[in-house]
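Numbered from 1 within each chain, the chains take letters A, B, ... in sequence-line order.
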Amino acid sequence: MKIATWNVNSLKVRLPHVLQWLGENPVDVLCIQETKLTDDKFPLAEIKEAGYDAVFTGQKTYNGVAILSRHPITDVVRNNPRFADEQQRIIAATIEGMRIVCAYVPNGQTVESDKYAYKLAWLASLRDWLEEEMRSHAQFALLGDYNIAPDDRDVHDPVAWAGQVLCSDPERAALQALCELGLCDSFRLFEQAEKSFSWWDYRQLAFRRNCGLRIDHILLSAALARRCTACAIDRVPRKWEQPSDHAPVVATLA
DNA sequence: ATGGCAAAATGTTTTTGA
């Protein structure tokens with residue numbers, strides 16, 4: 001069983017990338033962020049053709065999330081019921097006995113901005129909701145674009161990024177609060193190469209220079225962590241023509 | 001000098017992302 005997450009930065013533009021990647025990496029579940037598509041525009045037929053069902057919730061221009069699965073999808077919940085929000089950033093579903101939550105955490109823009117305050121409030125409410133959800137779902141996974149680099153080793157230039165959005169202490173504390181619910185960062189269950197990142201700026205040849213951040217994560221409950229045998233970032237599609245700025249992250253479960 | 005690149009709507013320019 002493989003579960004994955006990928007911020008595609010427009011599913012309209014990136015549908016060929018997603019279909020090619022799934023062809024080469026037939027994961028069981030793929031959580032997608034930043035579809036930037038209203039639900040009437042979601043390419044369900046093409047995805048079904050590739051052997052996947054999908055559930056999704058989107059909006060025009062911004063945000064939008066989806067879960068693709070080779071297995072039946074049940075008990076779909078869109079958004080955090082505790083957090084009234086126009087922005088479509090969360091979709092949850094049960095697949096093969098696992099509760100899967102796909103999240104696109106707000107970016108925050110800068111630590112001074114209202115968007116940063118929104119990000120922290122959004123994360124606090126997510127934590128409260130998941131605390132309740134995890135009581136009834138032992139096999140629990142939170143996958144997505146967290147827009148948080150958990151540690152300095154997840155940052156290409158920790159000095160330049162110190163205190164900045166995506167790396168600030170309050171954001172890292174909010175991520176830690178999620179972990180304290182009993183979730184662990186599947187990537188760090190295993191030995192990994194230094195300077196492993198999941199996002200690289202489009203500018204300044206950042207990918208070629210490996211100037212990136214690790215901000216896309218798969219957090220697993222103890223029951224799923226026990227089943228996890230690998231977690232890896234797939235840099236290959238970041239090298240393709242017209243790529244997303246994010247790379248997929250894949251966790252393997254026994 | 002706070003730039004660059006990419007996507008999408010607000011569209012030959014602006015807003016946002018990370």
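Ring orientation note: the planes of A:His246 and A:Trp199 are tilted relative to one another, at an angle of 30° to 60°. The aromatic rings of A:Phe42 and A:Phe56 lie parallel to each other, with less than 30° between the two planes, well short of the 60° mark.
For the pair A:Gln204 CD and B:dT2 P, the interatomic distance rounds to 14 Å; values are reported in whole Å. If you take CG of A:Leu37 and P of B:dA7, they are 13 Å apart, rounded to a whole angstrom.
Checking the phosphate oxygens (OP1, OP2) of B:dA7, a side-chain nitrogen or oxygen of A:Arg14 falls inside 4.0 Å. Residue A:Gln242 places at least one side-chain N or O closer than 4.0 Å to OP1 or OP2 of B:dA7.
Annotation: B:dG17 and B:dT10 have their P atoms spaced 16 Å apart (nearest Å). With P as the reference atom, B:dA8 and B:dA18 are 14 Å apart, rounded to whole Å. Rounded to whole Å, the separation between the P atoms of B:dA9 and B:dG4 comes to 22 Å. Comparing B:dA7 with B:dG11, their C1' atoms are spaced 13 Å from each other, to the whole Å. With P as the reference atom, B:dA1 and B:dT13 are 23 Å apart, rounded to whole Å.
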Which donor-acceptor pairs under 3.5 Å do side chains of residues 98-106 of chain A form with protein atoms, sequence neighbours excluded?
| unit_1 | atom_1 | unit_2 | atom_2 | d |
| --- | --- | --- | --- | --- |
| A:Arg99 | NH1 | A:Asp75 | O | 2.7 |
| A:Arg99 | NH1 | A:Thr94 | OG1 | 2.9 |
| A:Arg99 | NH2 | A:Asp75 | O | 3.0 |
| A:Tyr104 | OH | A:Glu34 | OE1 | 3.3 |
| A:Tyr104 | OH | A:Glu34 | OE2 | 3.4 |

Where protein sits on nucleotides 8-18 of chain B, one letter per nucleotide: B base, S sugar-phosphate only, - none, heavy atoms under 4.0 Å:
SSB-----SSB
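Outside the 6.0 Å centre-distance limit, the rings of A:Trp240 and A:Trp21 are not counted as a close aromatic pair.
In this model, no donor atom of one side chain and acceptor atom of the other lie less than 3.5 Å apart for A:Asp185 and A:Tyr146.
Between A:Leu37 and A:Lys12, the closest side-chain pair of non-hydrogen atoms falls below 4.5 Å.
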